[in-house]
Q: 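Dropping the structure in here first, questions after.
In the text below, chain A, chain B and the rest are named by the order of the sequence lines, each starting its count at 1.
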Number of protein chains: 2
Amino acid sequence: MNMDDLDLKILKLLQENARYSYREIAKELGIAVGTVYNRIKKLEDEGVIRGFCVDVDYEKLGFGLTAVIGIKARGKDIVRIEKEISKSSRIMQVYDVTGEYDIIVVAKFRDRADMNKFVKWLLSLEGVEKTNTSVVMDIVKEKFAIPLLTEE
Amino acid sequence: MNMDDLDLKILKLLQENARYSYREIAKELGIAVGTVYNRIKKLEDEGVIRGFCVDVDYEKLGFGLTAVIGIKARGKDIVRIEKEISKSSRIMQVYDVTGEYDIIVVAKFRDRADMNKFVKWLLSLEGVEKTNTSVVMDIVKEKFAIPLLTEE
DNA sequence: CTTGAAAAAGCGTTAGC
DNA sequence: GCTAACGCTTTTTCAAG
């Protein structure tokens, strides 16, 4: 990947607000509109930019309960279970991990009943041995952002 | 929150691609451009839409290592530790949780050395009693999307 | 209150440098 | 990397539902 400083500056601005116009970005960075256009297009073509998304308030949408669920499963069933779980629209992240658990899931639920139903369903899946649910009391930070390349 | 069906349809489209033009959305839904504009503006003003973000490929940006870290800490130090951790641009999520750990963190690192340095730093913080790192081997799903309101 | 047509201001995209 | 230009898009206004 040959990303330079300009690409990064553009990404940073887009991350701040993906709806900034090319002209606004150009003005901010003191470069031409066409250049911004070409750079963003290149970043999309290369797959560095995968897409543009909305950042919504889940609480206001009625999904105010977040949980992190660790799952221990039978080796040969793990991939199938992961795929199964991923289908649910309440599931934000599914990670295949090493360590105490085999799968870690981050999910958003309407309420405890909604969460409970999901966990019970999880436990009913063939190969799931054990689950451990950590209910989120406070979302201190929740944003996929581009890390600084120069951080200690 | 008085969200109706139209608001949800608009949100769904924006979630698919936040750069859809109002015109495209209007055409897709068979309504006027002005209506789409007004609805999105309302959703932003109400805070349902918090912003628009870029979805980037962290691997291509050089942050191919994801980890989920559980932290056990002394009660009175938890909030301070959470704030401290949140400052790092490598940290995507910081959750204050109930259960086995007090804090759960999702982070992106350059490599194992980068991760190790972070975990060592974590352990050096006043009040941190124990950490448990699950290294992500495969990202099966990783997207904050709007849950279907009608899911079993 | 919400809707949507129309007009003005602003924007994406292209081609050539 | 820049400029210029065309056609399309956003945003405002405003009259009607």
Side-chain angles (χ1 to χ4, degrees), chain A residues 1-63 143-150, chain B residues 1-58 60-62 143-150:
Chain A
M1 199 78 349
N2 48 330
M3 295 246 318
D4 63 8
D5 214 49
L6 189 52
D7 287 324
L8 272 172
K9 280 179 183 159
I10 291 171
L11 276 178
K12 284 272 165 61
L13 284 172
L14 278 179
Q15 185 191 281
E16 218 174 79
N17 178 3
R19 291 217 132 192
Y20 275 148
S21 70
Y22 295 158
R23 279 177 157 80
E24 283 172 307
I25 295 171
K27 204 168 158 192
E28 180 70 28
L29 299 179
I31 55 177
V33 190
T35 305
V36 175
Y37 176 82
N38 290 328
R39 292 298 190 113
I40 291 179
K41 191 136 192 289
K42 198 193 74 195
L43 289 169
E44 288 186 272
D45 291 345
E46 282 171 341
V48 176
I49 293 176
R50 283 192 289 222
F52 298 92
C53 50
V54 214
D55 178 18
V56 299
D57 186 326
Y58 290 96
E59 196 131 7
K60 289 188 175 154
L61 281 171
F63 288 84
K143 187 155 199 210
F144 281 109
I146 300 159
L148 297 170
L149 304 181
T150 59
Chain B
M1 199 78 349
N2 48 328
M3 295 245 317
D4 63 10
D5 214 48
L6 188 53
D7 288 324
L8 270 172
K9 280 180 184 160
I10 292 170
L11 276 178
K12 284 271 164 63
L13 285 172
L14 279 179
Q15 185 191 283
E16 221 171 77
N17 178 2
R19 290 219 132 190
Y20 275 148
S21 68
Y22 296 153
R23 215 164 238 275
E24 284 172 306
I25 295 171
K27 206 169 157 191
E28 179 71 28
L29 299 180
I31 54 177
V33 187
T35 307
V36 175
Y37 177 82
N38 290 331
R39 292 298 188 110
I40 292 179
K41 192 137 193 291
K42 197 193 76 195
L43 289 169
E44 289 187 90
D45 291 346
E46 282 171 343
V48 176
I49 293 176
R50 283 192 290 222
F52 297 93
C53 51
V54 215
D55 178 17
V56 298
D57 186 327
Y58 290 95
K60 289 189 174 151
L61 281 172
K143 189 161 198 206
F144 281 110
I146 300 159
L148 297 169
L149 304 181
T150 60

Q: List the residues meeting side-chain contact (heavy atoms from CB on, under 4.5 Å) with B:Phe144, not counting sequence neighbours, and say none if there are none.
A: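 With neighbours one apart ignored, the set is A:Tyr58, A:Met92, A:Gln93, A:Lys108, A:Glu142, A:Phe144, B:Gln93, B:Tyr95.
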
Q: Among all residues two or more places apart in sequence or in another chain, which pass the side-chain contact (heavy atoms from CB on, under 4.5 Å) test with A:Arg23?
A: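 Testing A:Arg23 for side-chain contact (heavy atoms from CB on, under 4.5 Å), a comparison that skips the adjacent residues, returns A:Ser21, A:Val33.
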
Q: Compute the angle between the rotation axes at the two ends of the helix from C:dC1-D:dG17 to C:dC17-D:dG1, each taken over five pairs, rounded to 10 degrees.
A: 40°

Q: Taking side chain to side chain contact (heavy atoms under 4.5 Å, CB included) as the criterion, tell me which of A:Leu14, A:Leu6, A:Ile25 meets it with A:Val36.
A: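 In the set A:Leu14, A:Leu6, A:Ile25, the residue that makes a side chain to side chain contact (heavy atoms under 4.5 Å, CB included) with A:Val36 is A:Ile25.
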
Q: Holding to side-chain hydrogen bond (donor to acceptor under 3.5 Å, both in side chains), I want the full list of residues that pass it with A:Tyr37, two or more places apart in sequence or in another chain.
A: none

Q: At less than 4.0 Å, is any side-chain N or O atom of B:Arg39 found next to OP1 or OP2 of C:dT2? Yes or no.
A: no

Q: Could I get the full list of salt bridge (Lys or Arg N to Asp or Glu O under 4.0 Å) partners for A:Lys143, not counting sequence neighbours?
A: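 Partners of A:Lys143 by the salt bridge (Lys or Arg N to Asp or Glu O under 4.0 Å) criterion come out as none, since no residue qualifies.
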
Q: Assign A:Leu6 to base, sugar-phosphate, or nothing according to its heavy-atom contacts below 4.0 angstrom with the strands shown.
A: sugar-phosphate

Q: Sequence neighbours left out, what passes salt bridge (Lys or Arg N to Asp or Glu O under 4.0 Å) with B:Lys41? Give chain and number order.
A: none

Q: Under the rule for side-chain contact (heavy atoms from CB on, under 4.5 Å), what residues qualify as partners of A:Lys12, not counting sequence neighbours?
A: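 For A:Lys12 the side-chain contact (heavy atoms from CB on, under 4.5 Å) partners, ignoring immediate neighbours, are A:Leu148.
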
Q: For B:Glu16, which residues count as a side-chain contact (heavy atoms from CB on, under 4.5 Å) partner, sequence neighbours excluded?
A: B:Leu13, B:Tyr20

Q: State which residues pass side-chain hydrogen bond (donor to acceptor under 3.5 Å, both in side chains) with B:Asp5; sequence neighbours excluded, sorted by chain then number.
A: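 Not a single residue meets the side-chain hydrogen bond (donor to acceptor under 3.5 Å, both in side chains) criterion with B:Asp5.
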
Q: Rounded to whole Å, how long is the line connecting atom CG of B:Asp45 with atom C1' of C:dC1?
A: 16 Å

Q: How would you give the extent of chain A contacts on DNA chain D, as first and last nucleotide 5' to 3' within a 4.0 Å heavy-atom cut-off?
A: D:dG1 to D:dT3

Q: Kindly state each residue pair satisfying ring-ring contact (aromatic ring centres under 6.0 Å, His included) with at least one member in residues 38-57 of chain B, sequence neighbours excluded.
A: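 Not a single pair qualifies under ring-ring contact (aromatic ring centres under 6.0 Å, His included).
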
Q: At under 4.0 Å between heavy atoms, which parts of nucleotides 12-17 of chain C does protein reach? Answer with one letter per nucleotide, 5' to 3': B base, S sugar-phosphate only, - none.
A: BBB---

